[in-house]
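Below you'll find the structure, written out as structure tokens, and then a few comments.
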Amino acid sequence: EFSNSPKTLTQSAVPLTALLLLSINTLVWGLNWPIQKIALSALDPWTLRTLTAGIGGLGMLLIAVFSSQSLAIPRNRIGLLILNGLLTTTGAQMLSAYGVYLINPGRASILMFTFPMWAMLLSAVLLRAHITLWQGLGVALGMGGILLLLVPDLNSVGSSPLGSALLILASISWAAGSVLTQRYSWGMPTLVLTGWQSTIGSIPIVIIAVITQPLISPLSISLDVGLALLFAVFCSSLFGMWAWFKVLTLSPAHVASVGLLAVPIVGLFTSTLLLGDPLLWNELVALVLVCGSIAIVLVLPAPAADPHQGFLPEAG
């Protein structure tokens with residue numbers, strides 16, 4: 001079941017490829033939060049996720065075919081792949097879509113990106129990860145920045161408990177799927193694995209959308225909504241999902257998660273530029289905390305790995 005070359009969770013040498021993909025994905029997913037608001041102004045959450053998750057998943061599988069990669073799923077991984085698709089696509093994406101629908105998208109991104117905390121806890125329990133003092137401090141700084149962003153809006157969060165609860169559940173579902181991705185050797189290229197996860201997870205979404213939502217004519221979609229959909233499908237969903245799961249094959253889940261703590265920061269700044277949302281002092285302080293968090297976890301060296309601790313199998 002496991003790779004013969006285990007990757008320990010205390011390794012600090014995160015590959016340059018992983019750092020580059022994390023950086024690009026941070027910008028793409030951060031920008032996607034205000035863009036989702038534009039798309040949801042004309043589409044319901046089920047239709048939006050049908051287009052993003054469904055087309056994104058099929059697009060990745062199509063790219064894999066043209067890259068001469070086999071789409072075969074190992075028989076002993078079918079059940080796990082279905083579970084992973086339900087966690088990372090059906091659960092996380094639908095819960096977050098309804099969360100954004102109910103509360104402000106900038107603050108929704110803050111709640112969604114509490115998932116590094118859940119990823120760290122789940123890694124410690126399920127992967128027997130040894131969380132170092134530096135990694136714990138890095139997560140604490142990052143979460144402190146997130147909480148600082150949330151403080152001025154505690155009243156608004158409290159006024160919409162359902163939206164807040166949905167986003168926290170989405171965060172836990174995403175973290176669980178990310179940890180599950182690392183728990184097993186899948187016997188598939190990252191592109192194929194991610195494509196199947198998105199495609200399988202989108203099946204319940206498409207079925208419910210077809211049954212419950214009216215058909216929307218493409219001619220009725222405005223230019224700004226159309227551009228928002230194109231970005232959400234090809235940049236955020238297709239590229240973003242592939243890049244995220246590729247990073248998970250190169251670095252521990254809780255390390256990769258901390259790298260994405262900057263997404264809500266980007267979301268807030270782009271919301272200011274695109275939607276005119278005000279930029280507050282606490283957001284600037286949070287930016288410093290999150291950058292410090294990323295520097296501690298991804299740059300500063302960690303202690304030597306304990307050969308008797310749990311390890312992380314390669315997923316690709």
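A quick note: this is a predicted structure, and the numbers were derived from the prediction, not measured.
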Considering non-hydrogen atoms only, spot the tightest contact between [X] and [Y] and give its length.
X: A42; Y: V225; answer: CB-CG2, 3.9 Å
X: G187; Y: P74; answer: O-CG, 4.1 Å
X: A64; Y: L71; answer: CB-CD2, 3.9 Å
X: A39; Y: L48; answer: CB-CD1, 3.9 Å
X: T181; Y: W186; answer: O-NE1, 2.8 Å
X: M112; Y: L167; answer: SD-O, 3.9 Å

Distance check, rounded to the nearest 0.5 Å: [X] atom [atom1] versus [Y] atom [atom2]?
X: L27; Y: F269; atom1: CG; atom2: CZ; result: 12.5 Å
X: Y184; Y: L81; atom1: OH; atom2: CG; result: 13.0 Å
X: L31; Y: T26; atom1: CG; atom2: OG1; result: 12.0 Å
X: L229; Y: T52; atom1: CG; atom2: OG1; result: 8.5 Å
X: S178; Y: W118; atom1: OG; atom2: CH2; result: 14.5 Å
X: L193; Y: R77; atom1: CG; atom2: CZ; result: 10.5 Å

Other than L215, what residues sit in its cluster of Ile, Leu, Val, Met, Phe, Trp and Tyr side chains whose heavy atoms are under 4.5 Å apart, directly or through others?
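For L215, no cluster forms, as it stays isolated from other hydrophobic side chains.
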Suppose clustering is done on Ile, Leu, Val, Met, Phe, Trp and Tyr with side-chain heavy atoms closer than 4.5 Å. Which residues sit in the same group as L62?
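Listed partners: F66.
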Does any N or O in the side chain of [X] come within less than 3.5 Å of the main-chain N or O of [Y], such that one atom is a donor and the other an acceptor?
X: T199; Y: G195; answer: yes
X: N25; Y: G240; answer: yes
X: S237; Y: F234; answer: no
X: W46; Y: I208; answer: no
X: S70; Y: A72; answer: yes
X: S173; Y: L169; answer: no
X: S198; Y: G57; answer: no

Excluding sequence neighbours, so at least two apart, what forms side-chain contact (heavy atoms from CB on, under 4.5 Å) with S67?
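Checked S67 against side-chain contact (heavy atoms from CB on, under 4.5 Å); matches are I63, Q69.
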Output all residues satisfying side-chain contact (heavy atoms from CB on, under 4.5 Å) with I207, sequence neighbours left out; order by chain, then residue number.
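Expected list: I203, I211.
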Under the rule for side-chain hydrogen bond (donor to acceptor under 3.5 Å, both in side chains), what residues qualify as partners of S41, not counting sequence neighbours?
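Counting only residues at least two positions away or on another chain, S41 forms no side-chain hydrogen bond (donor to acceptor under 3.5 Å, both in side chains).
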Would you say V266 ends up clustered with L20 if hydrophobic residues are merged whenever their side chains have heavy atoms under 4.5 Å apart, either directly or through other cluster members?
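In one cluster with L20: V266, no.
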Determine, using the 4.5 Å side-chain heavy-atom cutoff (strictly less than), whether L137 and L289 are members of one ILVMFWY cluster.
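Same hydrophobic cluster.
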Please step through side-chain contact (heavy atoms from CB on, under 4.5 Å) for the pair L166 and L102, ending with a clear verdict.
CA-CA 9 Å; L166 290 176; L102 292 172; 4.0 Å; yes
Pick one: which of D44, V206, L43 meets side-chain contact (heavy atoms from CB on, under 4.5 Å) with T50?
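By the side-chain contact (heavy atoms from CB on, under 4.5 Å) criterion, T50 pairs with just one of D44, V206, L43: V206.
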For residues 85-95, please give each side-chain donor-acceptor pair under 3.5 Å, one per line with the distance, not counting sequence neighbours.
from : atom 1 : to   : atom 2 : distance (Å)
T88  : OG1    : N84  : O      : 2.8
T89  : OG1    : Q197 : O      : 3.4
T90  : OG1    : G201 : O      : 2.5

For a quick check under 3.5 Å, do T194 and W244 share a side-chain donor-acceptor pair by atom type?
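Side-chain D/A pair, T194 to W244: absent.
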